[in-house]
Amino acid sequence: MRNVVWLISGYAAVSLLTLVAMIVFRHDATMVTEAVWVRGTIVAAGSLLTLFFAVRAARGDRRMVLRLRIVTAIMLVAIVVIITLPGMFPFWFKLEQGVCGLLLLPVVVQINRRPAVRP
């Protein structure tokens, strides 16, 4: 589970750095669109919540393992959709989402190998 916490920490760091980049380049409407603001803010907040779930799961909270399974799977699917949508997001943001997806994919695989946890 330690590996999961590290991967999700990386995901949170990338998401927060993206939020900083959005703030820095906020005056460039082609680089930071309204869709980027919405998705980037949701991803940054969600990454912190996911990190909270991971830390609690690593400490043995069985309910957090279940929540982590659900949230990471949903986020991974959402990332795939974001990357494949033509024209809605700038290339740099799709690249960032790809990095986030590469960090979440091993998490999803690892935490879903274990038997289902009942609260």
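When a residue number appears, it is its place in the shown sequence, counting from 1. These values consider heavy atoms only, across backbone and side chains, with no hydrogens, waters or symmetry-generated copies.
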Would you mind telling me which of W92, F93, F91 makes a ring-ring contact (aromatic ring centres under 6.0 Å, His included) with F89?
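Among W92, F93, F91, the one meeting ring-ring contact (aromatic ring centres under 6.0 Å, His included) with F89 is F93.
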Look only at the side chain of [X] and the backbone of [Y], and say whether a donor-acceptor pair between them is shorter than 3.5 Å.
X   : Y   : value
K94 : L85 : yes
D61 : A57 : no
R59 : R56 : no

Could you check if a side-chain atom of [X] sits within less than 4.5 angstrom of a side-chain atom of [Y], using non-hydrogen atoms only?
X   : Y   : answer
T50 : T72 : yes
L49 : V71 : no
T18 : V36 : no
V20 : V24 : yes

How far apart are the closest heavy atoms of [X] and [Y], and which atoms are they?
X    : Y   : result
V5   : A58 : CG2-CB, 3.9 Å
P90  : T33 : CD-OG1, 4.3 Å
A44  : L19 : CB-CD2, 4.0 Å
T30  : D28 : OG1-OD1, 2.7 Å
C100 : V14 : SG-CG1, 3.8 Å

From CA spacing to verdict: side-chain contact (heavy atoms from CB on, under 4.5 Å), L51, V55
CA-CA 6 Å; L51 182 58; V55 168; 4.3 Å; yes
W37 atom CH2: more than 12 heavy-atom contacts under 6.0 Å
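Result for CH2/W37: enclosed.
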Derivation of the side-chain contact (heavy atoms from CB on, under 4.5 Å) call for I8 and S47
CA-CA 7 Å; I8 293 176; S47 69; over 6 Å; no
Under a single-linkage definition using a 4.5 Å side-chain heavy-atom cutoff for Ile, Leu, Val, Met, Phe, Trp and Tyr, are [X] and [Y] assigned to the same hydrophobic cluster?
X    : Y    : value
Y11  : L102 : no
L104 : V65  : yes
L68  : M64  : yes
L16  : I42  : no
V43  : V77  : no

How many angstroms lie between atom [atom1] of [X] and atom [atom2] of [Y], to the nearest 0.5 angstrom?
X   : Y    : atom1 : atom2 : value
S15 : Q97  : OG    : CD    : 7.0 Å
M22 : L17  : CE    : CG    : 12.5 Å
L7  : L105 : CG    : CG    : 10.0 Å
R62 : R67  : CZ    : CZ    : 14.5 Å
R39 : I82  : CZ    : CD1   : 4.5 Å

Partners of F53 by ring-ring contact (aromatic ring centres under 6.0 Å, His included), sequence neighbours excluded?
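Partners of F53 under the ring-ring contact (aromatic ring centres under 6.0 Å, His included) test: none.
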